[in-house]
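Here the structure comes first, spelled out in structure tokens, and everything after it is commentary.
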Amino acid sequence: MTRLLHWAMALILVWQFAGMGLRLILGRTPLMAFWVGTHQSIGAILLVLILLRLLWAWSNRDRRPAQERTWAGKAAFAGHCALYGLLLVVPALAFLRALGNGRGFAFFGHPVVARSGVRIEWMAAPADLLHSKLAWLLLALILGHVAMALVHHFVWRDGVLSRMIGRARRLGGPDPRLAR
Ligand code: HEM
Ligand code: HEM
């Protein structure tokens with residue numbers, strides 16, 4: 001379940017960032033209009049997935065792989081907390097704005113909130129200020145995260161990436177990081 005949620009979210013995030021990044025580079029072409037047109041609905045799916053993922057992580061808090069007590073282990077923990085935080089805040093602020101900006105919200109063309117024409121400032125303003133900035137910060141953290149996953153695999157060779165991909169020791173076996 002952890003892997004399914006991790007890789008499903010990774011795929012969706014690639015879609016979100018590639019769409020927004022290419023739109024900045026290519027401008028409003030018809031392809032980009034389609035791609036960016038899915039941004040709000042896909043983002044709403046991501047919001048549900050991160051809520052599920054946080055619930056899942058919380059309900060398994062006593063069965064999670066041990067984190068090393070070195071500076072690297074503490075940095076990894078802090079990095080994962082920052083990732084979780086931004087994964088929640090970035091879509092949540094945008095979703096709040098979509099509910100409160102008066103333009104209505106449709107999920108893949110199906111109206112969920114009708115257009116009211118009334119903008120509710122406290123719902124819309126935080127995302128206007130922070131959504132895109134925090135989203136690009138999230139991308140920077142993700143790139144650092146991927147780089148560290150590759151360091152684990154190719155430099156430290158400790159099986160952390162293999163465990164996340166699924167070719168590692170059987171679940172329930174000893175944690176390779178504890179053996180070192
Ligand atoms: C984790 C999920 C999401 C990611 C990674 C993400 C990412 C981004 C990024 C990188 C931008 C900036 C584009 C630029 O700099 O021009 C952006 C803009 C935007 N996003 Fe999202 N987004 C997510 C979820 C959502 C959701 C759930 C909604 C609405 C329901 C939404 C609505 C918008 C809108 C309307 C804009 C353009 C206005 C602005 O820059 O604030 N996004 N998003
Ligand atoms: C693209 C968006 C991605 C996001 C948002 C993301 C987020 C996360 C988070 C929050 C965790 C912490 C899991 C936990 O301990 O609760 C994690 C674990 C992990 N991620 Fe990612 N990840 C992404 C992509 C990737 C990619 C592309 C790779 C591989 C190249 C990767 C490799 C790993 C590995 C190996 C772990 C396990 C760490 C451990 O077992 O302690 N991730 N990811």
Side-chain angles (χ1 to χ4, degrees), residues 1-3 5-25 27-28 32 35-51 53-54 56-58 60-61 63-68 72-73 76-101 103-107 112-113 123-154 156 158-168 175-178:
M1 182 58 79
T2 301
R3 289 184 197 138
L5 287 168
H6 178 268
W7 293 114
M9 287 179 57
L11 262 183
I12 293 181
L13 282 160
V14 168
W15 178 265
Q16 293 291 79
F17 283 116
M20 283 308 184
L22 284 174
R23 191 196 61 169
L24 285 178
I25 297 166
R28 291 179 181 269
M32 293 328 298
W35 200 327
V36 171
T38 65
H39 184 84
Q40 297 205 15
S41 304
I42 300 267
I45 295 177
L46 224 146
L47 181 56
V48 174
L49 286 181
I50 183 61
L51 289 172
R53 191 167 175 190
L54 285 169
W56 178 253
W58 175 254
N60 284 286
R61 63 192 179 281
R63 314 172 46 225
R64 295 171 59 77
Q67 203 81 61
E68 282 179 359
F77 180 71
H80 288 165
C81 288
L83 277 170
Y84 276 126
L86 287 175
L87 284 170
L88 181 64
V89 167
V90 166
L93 285 185
F95 191 65
L96 190 68
R97 173 176 62 188
L99 299 182
N101 64 8
R103 291 201 291 268
F105 176 71
F107 186 71
V112 177
V113 178
M123 292 172 94
D128 283 349
L129 188 67
L130 294 172
H131 177 65
S132 64
K133 290 187 191 80
L134 291 182
W136 293 122
L137 177 64
L138 171 62
L139 179 63
L141 276 186
I142 289 172
L143 294 179
H145 173 71
V146 173
M148 284 315 295
L150 297 178
V151 169
H152 270 283
H153 193 67
F154 292 109
W156 297 338
D158 56 8
V160 167
L161 181 57
S162 308
R163 179 175 68 192
M164 208 57 180
I165 293 172
R167 284 187 291 104
D175 188 323
R177 290 176 300 180
L178 294 179

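Worth saying up front: this structure is predicted, and the values here are computed from it rather than measured. For ligands, and for the atoms within them, numbers begin at 1 and follow the listed sequence.
- In this structure, atom 15 (O) of ligand 1 lies nearest to the protein heavy atom Trp136 NE1, 3.0 Å.
- Within the set Arg64, Met164, His152, the minimum heavy-atom distance to atom 14 (C) of ligand 2 is found for Arg64.
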**Message:** Set out, in order, the CA-CA distance, both residues' side-chain angles and the distance that settles side-chain contact (heavy atoms from CB on, under 4.5 Å) for Leu138 and Leu13, then state yes or no.
**Reply:** CA-CA 10 Å; Leu138 171 62; Leu13 282 160; 4.3 Å; yes
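- For atom 37 (C) of ligand 1, the nearest non-hydrogen atom from the set Gln40, Lys133, Arg97 belongs to Arg97.
- For ligand 2, the atoms sitting less than 4.0 Å from at least one non-hydrogen atom of Val146 are 26 (C), 27 (C), 30 (C), numbered in the order shown with element in parentheses.
- Using modelled atom types, one side-chain atom of Arg3 and one backbone atom of Arg163 make a donor-acceptor pair closer than 3.5 Å.
- Met20 CG, 3.7 Å is the protein heavy atom nearest to atom 11 (C) of ligand 1.
- Counting heavy atoms under 4.0 Å from ligand 2, residue Ile142 touches it through the side chain alone.
- Here the heavy atom of the protein found nearest to atom 28 (C) of ligand 1 is Ala94 CB, 3.3 Å.
- Side-chain N or O atoms of Trp15 include none that pairs as donor or acceptor with a backbone N or O of His39 at under 3.5 Å.
- Minimum heavy-atom separation, Arg53 to Tyr84: NE-OH, 3.6 Å.
- Of the inter-residue distances, the one linking Leu51 atom CG with Leu88 atom CG reads 6.0 Å to the nearest 0.5 angstrom.
- Residue contacts with ligand 2, taken as heavy atom pairs separated by less than 4.0 Å, do not involve Phe17 at all.
- Scanning Ser132, Gly21, Ala92 for the heavy atom closest to atom 40 (O) of ligand 1 points to Ser132.
- Within the 4.0 Å heavy-atom criterion, both parts of Ala10, backbone and side chain, lie near ligand 2.
- Cation-pi check for Arg61 over Trp58 is met; the charged atom lies under 6.0 angstrom from the ring centroid and within 45 degrees of its normal.
- When the options His39, Gln16, Arg103 are ranked by their closest heavy atom to atom 8 (C) of ligand 1, first place goes to His39.
- Distances from atom 5 (C) of ligand 2 to the heavy atoms of Leu150, Ile50, Leu13, Ile12 show the closest one on Leu13.
- Taking 4.0 Å as the cut-off, Arg163 counts as a neighbour of ligand 2 on heavy-atom distance.
- Here the straight-line distance linking atom CG of Leu96 with atom NE2 of His131 works out to 12.0 Å at 0.5 Å rounding.
- In this structure, His153 does not count as a contact residue of ligand 2, since none of its heavy atoms falls inside 4.0 Å of the ligand.
- Considering only heavy atoms from C-beta on, Met20 comes within 4.5 Å of Arg23 through its side chain.
- Residue-ligand proximity: Leu47 is placed with every non-hydrogen atom at 4.0 Å or more from ligand 1.
- Closest of all the heavy-atom pairs between Gln40 and Ala98 is OE1-CB, 4.0 Å.
- Every atom of ligand 1 is numbered from 1 in the order shown, and the set under 4.0 Å from a heavy atom of Ala135 is 7 (C), 8 (C), 9 (C), 10 (C).
- At under 3.5 Å, a nitrogen or oxygen of His145, whether backbone or side chain, sits near a nitrogen or oxygen of ligand 2.
- Using a 4.0 Å cut-off between heavy atoms, Leu87 contacts ligand 2 through its side chain alone, with no backbone atom that close.
- For atom 23 (C) of ligand 2, the candidate residues are Met148, His6, Met9, Arg61; the nearest heavy-atom contact is made by His6.
- Among Trp7, Phe77, Trp56, the residue whose heavy atom sits closest to atom 26 (C) of ligand 2 is Trp7.
- Of all protein heavy atoms, the one lying nearest to atom 16 (O) of ligand 1 is Arg23 NH2, 3.1 Å.
- Ser41 and Ala106 make their closest contact through OG-O, 3.6 Å (heavy atoms, listed as atom of the first residue, atom of the second, distance).
- Shortest non-hydrogen contact noted between Arg103 and Asn101 is N-OD1, 3.0 Å.
- Remark: minimum distance from atom 27 (C) of ligand 1 to any protein heavy atom is reached at Gly43 C, 3.4 Å.
- Scanning all protein heavy atoms for the shortest distance to atom 4 (C) of ligand 1 gives Val90 CG1, 3.9 Å.
- The atoms of ligand 1 that sit less than 4.0 Å from any heavy atom of Leu24 are 16 (O).
- At distances below 3.5 Å, not a single donor-acceptor pair connects side-chain atoms of Trp7 with backbone N or O atoms of Ile165.
- Protein heavy atom closest to atom 19 (C) of ligand 1, with residue, atom name and distance, is His131 CD2, 3.4 Å.
- Contact record, Ala44 with Phe105: CB-CZ, 4.1 Å, taken as the closest heavy-atom pair.
- The distance from atom CH2 of Trp136 to atom CG of Leu141, rounded to the nearest 0.5 Å, is 14.0 Å.
- Interface atoms of ligand 1 facing Ala44, defined by a heavy-atom separation under 4.0 Å, are 27 (C).
- Of the residues listed (Val14, Leu49, Ile45), the one engaging Met9 in a side-chain contact (heavy atoms from CB on, under 4.5 Å) is Leu49, and it is the only one.
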